[in-house]
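Chain naming here is simple, since letters A, B, ... match the order of the sequence lines and numbering starts at 1 in each.
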There are 2 protein chains.
Amino acid sequence: MPDSGFREIRGLDLFAQMTDQNFAALVRGAYVQTFPAQIDLVAEGDPSDFLHVVLSGSVDLYSCWNGRDTSLATVRPISTFILAATIRDAPYLMSARTLEKSRIALIPSQDVRAIFDIDGGFARAIVAELAQGYRAAIKSQKDLKLRTSLERLANFLLRQQKRAGGDASFELEFEKRRLASVLGMTPENLSRAFKGLQPYGITVEGNRILIGDQEDLERFAKPNPLIDDPTS
Amino acid sequence: MPDSGFREIRGLDLFAQMTDQNFAALVRGAYVQTFPAQIDLVAEGDPSDFLHVVLSGSVDLYSCWNGRDTSLATVRPISTFILAATIRDAPYLMSARTLEKSRIALIPSQDVRAIFDIDGGFARAIVAELAQGYRAAIKSQKDLKLRTSLERLANFLLRQQKRAGGDASFELEFEKRRLASVLGMTPENLSRAFKGLQPYGITVEGNRILIGDQEDLERFAKPNPLIDDPTS
DNA sequence: TGGTTGACTTGACAGTTATCAATCGAGGCT
DNA sequence: AGCCTCGATTGATAACTGTCAAGTCAACCA
């Protein structure tokens with residue numbers, strides 16, 4: 001058990017409340033590996049052998065059907081992904097690939113399930129994480145079904161602005177083609193959507209966004225904590 | 001504590017593994033109530049005071065934003081809804097209303113959280129249920145983002161057929177306007193989508209559907225267990 | 001430096017979906 | 001029967017979104 005990496009994991013909400021002994025047992029069979037960019041980590045339909053923890057870099061969760069594909073989420077450090085599949089011992093519903101060079105910890109799913117059964121603190125943390133993920137998925141569904149693509153983009157920009165610190169100018173941390181996929185549109189339409197937000201004060205220069213009139217954009221976007229607040 | 005109703009609840013996966021003592025404590029503050037049709041049970045944004053269990057009838061989970069609204073799910077006996085909000089002590093993300101006369105059990109959320117902390121069997125069941133709900137939400141997102149409305153309808157019909165027993169002819173258990181909302185389209189387009197499936201052997205007569213050529217429909221719908229199988 | 005690559009953008013067009021208005025038809029009521 | 005209501009359907013039209021093709025631009029590299 002190489003220690004590197006596991007100290008960072010220990011600090012995660014998911015692992016913070018468990019006993020030292022159980023944590024040691026959990027990481028005994030685990031390992032940390034560094035992957036280059038654009039590497040497929042898991043494919044949808046695979047059995048969920050490992051719980052993955054992103055320590056650095058970033059991971060794209062996506063899915064394919066009938067020749068089409070769509071990005072569903074981005075995982076950034078430090079957090080886990082595909083916990084639900086691990087818990088249910090069910091196949092992954094999404095594929096995962098690195099977006100950039102990334103350090104990933106892999107914890108055998110059977111160990112997660114075994115420790116879950118004997119460590120109440122761990123079980124409680126898993127419940128909290130699952131409930132949060134569940135709610136995030138519902139919010140995403142509401143975003144998709146209740147908003148037009150222009151509204152989704154406007155609200156995404158407001159969320160991203162907040163994540164980036166709140167300044168009027170900030171960086172998109174997304175390749176635009178992937179942002180388009182996450183927002184449920186084509187890259188061409190994302191381009192047009194950015195232009196469609198110009199009347200509300202949005203300026204785009206490469207990956208840098210400038211919100212010229214915060215109030216004007218918010219009046220159009222109508223952000224709602226029950227859709228856009230990632231913490232609730 | 002009126003006993004009526006609680007015996008049915010006890011048989012649910014969610015409550016089956018907990019101790020008698022804890023179950024008694026859980027239902028001590030709970031009550032069962034019968035509601036007429038079209039009654040709002042909870043509104044999105046409300047604090048999650050109760051975990052709801054549908055004993056009979058059916059409940060529509062929906063959400064509104066900026067003058068639009070959409071149905072997200074239907075809850076049928078016997079199952080719970082809005083467990084994630086209860087667990088996280090967070091506001092409801094969806095509103096709920098009865099579709100027909102329904103018996104609902106209401107269990108105070110704080111009791112759920114308290115028993116969850118002391119009963120391992122209950123905690124495990126909650127985790128299983130949350131993970132399942134989480135995965136269902138992901139599947140729904142994939143359905144929305146990867147399929148056209150015609151494909152969503154075709155796959156819905158195949159799922160409903162299976163739920164109804166597998167016969168070529170079966171009942172829609174949905175008002176069509178609500179089905180349209182669930183599938184993310186307007187009632188007008190649902191009408192047209194049904195006609196669009198006629199070439200694949202679909203006949204509609206009121207609420208009764210006939211699948212004339214199973215293979216033809218499946219060839220078009222391309223059902224996928226990672227989207228359409230509710231059990232995985 | 002010139003060429004190549006790949007992401008992004010733009011325009012033209014086609015396909016899909018929403019909207020609005022009108023009509024149909026079943027069920028309930030007087 | 002006649003009337004009313006409400007959901008479902010249909011047609012016409014507008015809005016939106018996807019597709020295809022072409023062009024721009026910056027980064028990279030020999």
Side-chain angles (χ1 to χ4, degrees), chain A residues 36-38 60 64-71 97 99-100 143-157 171-199 202-210 220, chain B residues 36-38 60 62 64-71 97 99-100 143-157 171-200 202-210 220:
Chain A
Q38 310 300 337
D60 179 37
C64 307
W65 179 81
N66 195 24
R68 284 160 247 170
D69 64 285
T70 188
S71 283
R97 71 185 149 215
L99 289 166
E100 52 192 312
D143 190 46
L144 275 170
K145 290 183 76 176
L146 289 167
R147 288 171 171 164
T148 66
S149 60
L150 206 58
E151 290 164 343
R152 289 201 295 280
L153 175 59
N155 281 291
F156 168 83
L157 292 178
E171 292 285 326
L172 281 183
E173 291 169 334
F174 279 80
E175 201 183 11
K176 282 185 190 160
R177 58 165 46 224
R178 221 172 62 76
L179 175 58
S181 183
V182 168
L183 293 177
M185 51 180 133
T186 57
E188 291 96 327
N189 272 325
L190 177 61
S191 243
R192 294 176 183 119
F194 273 122
K195 296 190 101 175
L197 290 180
Q198 274 178 14
I202 294 294
T203 313
V204 184
E205 210 177 294
N207 265 10
R208 178 152 287 274
I209 305 292
L210 174 64
F220 170 73
Chain B
Q38 310 299 338
D60 180 39
Y62 67 100
C64 308
W65 179 81
N66 195 25
R68 281 160 251 172
D69 64 285
T70 187
S71 283
R97 71 185 148 214
L99 289 167
E100 51 192 312
D143 190 47
L144 274 170
K145 290 183 76 176
L146 289 169
R147 288 172 170 163
T148 66
S149 60
L150 205 57
E151 291 164 341
R152 288 201 297 278
L153 175 59
N155 281 290
F156 169 83
L157 291 178
E171 293 285 326
L172 282 182
E173 290 169 334
F174 280 80
E175 200 183 13
K176 283 185 188 159
R177 58 165 45 223
R178 220 171 63 77
L179 175 58
S181 183
V182 168
L183 293 177
M185 52 179 130
T186 58
E188 291 95 327
N189 272 324
L190 176 61
S191 242
R192 293 174 184 122
F194 273 122
K195 297 190 102 174
L197 289 180
Q198 275 179 13
Y200 303 99
I202 294 293
T203 314
V204 184
E205 210 178 292
N207 266 10
R208 178 153 286 274
I209 305 294
L210 173 65
F220 169 74

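Applying the side chain to side chain donor-acceptor pair (under 3.5 Å) test to residues at least two apart or on different chains, the pairs with a partner in residues 174-188 of chain A are Asp60(A)-Arg178(A), Thr74(A)-Arg178(A), Thr186(A)-Asn189(A). Pairs engaging residues 172-193 of chain A under the ring pair (Phe, Tyr, Trp, His ring centres under 6.0 Å) rule: Phe156(A)-Phe174(A) [sequence neighbours left out].
With sequence neighbours left out, Arg208(B) forms a salt bridge (Lys or Arg N to Asp or Glu O under 4.0 Å) with Glu171(B). Remark: Glu100(A) pairs with no residue by the salt bridge (Lys or Arg N to Asp or Glu O under 4.0 Å) rule, at least two apart or across chains. Residues meeting the side chain to side chain contact (heavy atoms under 4.5 Å, CB included) test with Asn66(B), sequence neighbours left out: Glu151(A), Lys222(A), Arg68(B). Residues that satisfy the side-chain hydrogen bond (donor to acceptor under 3.5 Å, both in side chains) test with Tyr200(B), not counting sequence neighbours, are absent from this structure.
Considering CG of Leu210(A) and CG of Leu157(A), their distance stands at 11.0 Å, rounded to 0.5 Å. To the nearest 0.5 angstrom, Ser71(A) atom OG is 9.5 Å from Leu179(A) atom CG.
Looking at every heavy atom in both residues, Gln38(B) comes nearest to Leu99(B) through NE2-O, 3.7 Å.
Heavy-atom distances under 4.0 Å link DNA chain C to Gly184(B), Met185(B), Thr186(B), Glu188(B) of residues 179-188 of chain B, given in residue order. Within a heavy-atom distance below 4.0 Å of DNA chain D, the residues of residues 189-197 of chain A found are Asn189(A), Arg192(A).
If you find the closest nucleotide of DNA chain D to Arg147(A) and to Arg178(B), the one lying nearer the 5' end belongs to Arg178(B).
On the nucleic acid side, DNA chain C contacts chain B at distances under 4.0 Å to non-hydrogen atoms, with the end points of that region at dT17(C) to dC20(C). First and last contacting nucleotides of DNA chain D toward chain A (any atom under 4.0 angstrom from a heavy atom, 5' to 3' order): dT17(D) to dC20(D).
Side-chain contact between Leu144(B) and Lys145(A): present, with at least one pair of heavy atoms (C-beta onward) separated by less than 4.5 Å.
The backbone N or O of Arg147(A) lies less than 3.5 Å from a partner atom in the side chain of Arg152(A), making a donor-acceptor pair.
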Scan the side chains in residues 190-197 of chain A for donor-acceptor partners under 3.5 Å anywhere in the protein, sequence neighbours excluded, and list what turns up.
none

